[in-house]
Peer 1: 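Before I ask anything, here is the structure I am working with.
Numbering of residues begins at 1 and proceeds along the displayed sequence.
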Amino acid sequence: QVQLVESGGGLVQAGGSLRLSCAASGRTFSSYAMGWFRQALGKEREFVAAIRRSDSSTYYADSVKGRFTISRDNAKNTVYLQMNSLKPEDTAVYYCAGRILRGAVIYGSEYDYWGQGTQVTVSS
C-alpha cells in the first residue's frame with residue numbers, strides 16, 4: 001500500500017506564494033509520473049502539473065504555466081509544487097497523485113494513488 005500525504009496549503013494573499021509537498025510512504029513506490037490536481041468548490045477536478053520520473057519532463061495546465069513549478073526528489077519520494085503569483089482563482093483543494101504505468105499524465109482517471117488533499121485559499 002502506498003500513501004501520499006500533502007502538506008503546505010494555507011491562506012495567502014493574491015500575488016503571494018506557497019509550496020506544496022507530497023510525500024510517498026509505504027511499500028517501494030516507483031511511479032512513472034507524479035501529478036498535482038485541484039478541485040474548487042462546485043467545480044470538477046482539473047489537472048495542474050505533472051512530472052515524469054525517468055527524465056523529469058514537466059507538464060502544466062495553461063492556467064498555471066509560468067507561475068507554478070513542479071519538481072521531485074526521487075531519493076525522498078517527494079514531489080513539490082511551487083506556486084507563485086497566486087490568484088483568487090487558484091483557490092481549491094490540491095491533490096497529489098501517482099501514476100505507475102506509462103501514458104498520458106493529464107488525466108486524473110489514469111492515476112493509481114491519491115493523497116487526501118490540502119486546501120489552498122487565495123484572498124483578493
Peer 1: Applying side-chain contact (heavy atoms from CB on, under 4.5 Å) between L81 and each of L18, T69, I70, I51, report the one that passes.
Peer 2: I70

Peer 1: Taking atom types as modelled, find out whether T78 and D73 have a side-chain donor-acceptor pair closer than 3.5 angstrom.
Peer 2: no

Peer 1: Would you say the side chain of T91 lies within less than 4.5 Å of the side chain of Q119, judging by non-hydrogen atoms?
Peer 2: yes

Peer 1: Taking all non-hydrogen atoms of both residues, which atom of A50 and which atom of Y111 are closest, and how far apart?
Peer 2: CB-OH, 3.7 Å

Peer 1: Answer whether the closest heavy-atom distance between the side chains of S71 and Q82 falls below 4.5 Å.
Peer 2: no

Peer 1: Examine W36 and L41 and state if one hydrophobic cluster contains both, with Ile, Leu, Val, Met, Phe, Trp and Tyr joined whenever side-chain heavy atoms are less than 4.5 Å apart.
Peer 2: no

Peer 1: Quick check: do C96 and Q116 have side-chain heavy atoms less than 4.5 Å from each other?
Peer 2: no

Peer 1: Let me confirm one number: the CD-OG distance from Q13 to S124, rounded to the nearest 0.5 Å.
Peer 2: 9.5 Å

Peer 1: Indicate, with yes or no, if V79 and V105 share a hydrophobic cluster defined by side-chain heavy-atom contacts under 4.5 Å among Ile, Leu, Val, Met, Phe, Trp and Tyr.
Peer 2: no

Peer 1: Looking only at the aromatic ring of each residue, does the gap between the centers of F47 and F37 stay below 6.0 angstrom?
Peer 2: yes

Peer 1: So does K65 pair up with D62, basic N to acidic O under 4.0 Å?
Peer 2: yes

Peer 1: For the side chain of R99 and the backbone of A104, is there at least one donor-acceptor N/O pair under 3.5 Å apart?
Peer 2: yes

Peer 1: Do you reckon L11 sits in the same ILVMFWY cluster as L86, going by side-chain contacts under 4.5 Å, direct or chained?
Peer 2: no

Peer 1: To the nearest 0.5 Å, tell me how far E89 CD sits from K43 NZ.
Peer 2: 8.5 Å

Peer 1: For the backbone of G9 and the side chain of T118, can you confirm whether one donor and one acceptor N or O come within less than 3.5 Å of each other?
Peer 2: yes

Peer 1: Counting only N and O atoms by type, is there a donor-acceptor contact under 3.5 Å from the side chain of R67 to the main-chain atoms of S85?
Peer 2: yes

Peer 1: Answer yes or no for R19 and Y80: cation-pi contact, defined as NZ/CZ to six-membered ring centre under 6.0 Å and angle to ring axis within 45°.
Peer 2: yes

Peer 1: Could you check L20 against V120 for side-chain contact (heavy atoms from CB on, under 4.5 Å), going step by step and ending with a plain yes or no?
Peer 2: CA-CA 9 Å; L20 305 183; V120 171; 4.1 Å; yes

Peer 1: Over 60° means perpendicular and under 30° means parallel, so classify the ring planes of Y94 and F68, tilted if in between.
Peer 2: tilted

Peer 1: Quick one: do D55 and R52 satisfy salt bridge (Lys or Arg N to Asp or Glu O under 4.0 Å)? Show the steps, please.
Peer 2: CA-CA 6 Å; D55 59 3; R52 290 198 309 197; 2.7 Å; yes

Peer 1: Measuring from N77:CG to Q3:CD, what's the distance to the nearest 0.5 Å?
Peer 2: 11.5 Å

Peer 1: E6 side chain to G117 main-chain N or O, any donor-acceptor pair under 3.5 Å?
Peer 2: yes

Peer 1: Quick one: do W114 and V2 end up in the same hydrophobic cluster if we chain Ile, Leu, Val, Met, Phe, Trp and Tyr together by side-chain heavy atoms under 4.5 Å apart?
Peer 2: no

Peer 1: Do we see a donor-acceptor contact under 3.5 Å between the side chains of R72 and S31?
Peer 2: yes

Peer 1: Ignoring hydrogens and angles, tell me if any N or O in the side chain of Y113 forms a donor-acceptor pair with the backbone of I100 under 3.5 Å.
Peer 2: no

Peer 1: What is the minimum heavy-atom distance between Y95 and G115, and which atoms define it?
Peer 2: CD2-O, 3.7 Å

Peer 1: Step by step, would you call V64 with R38 a side-chain contact (heavy atoms from CB on, under 4.5 Å)?
Peer 2: CA-CA 12 Å; V64 306; R38 67 187 181 187; 4.0 Å; yes

Peer 1: Evaluate the side-chain proximity of R53 to Y32: yes if any heavy-atom separation is below 4.5 Å, no if none is.
Peer 2: no

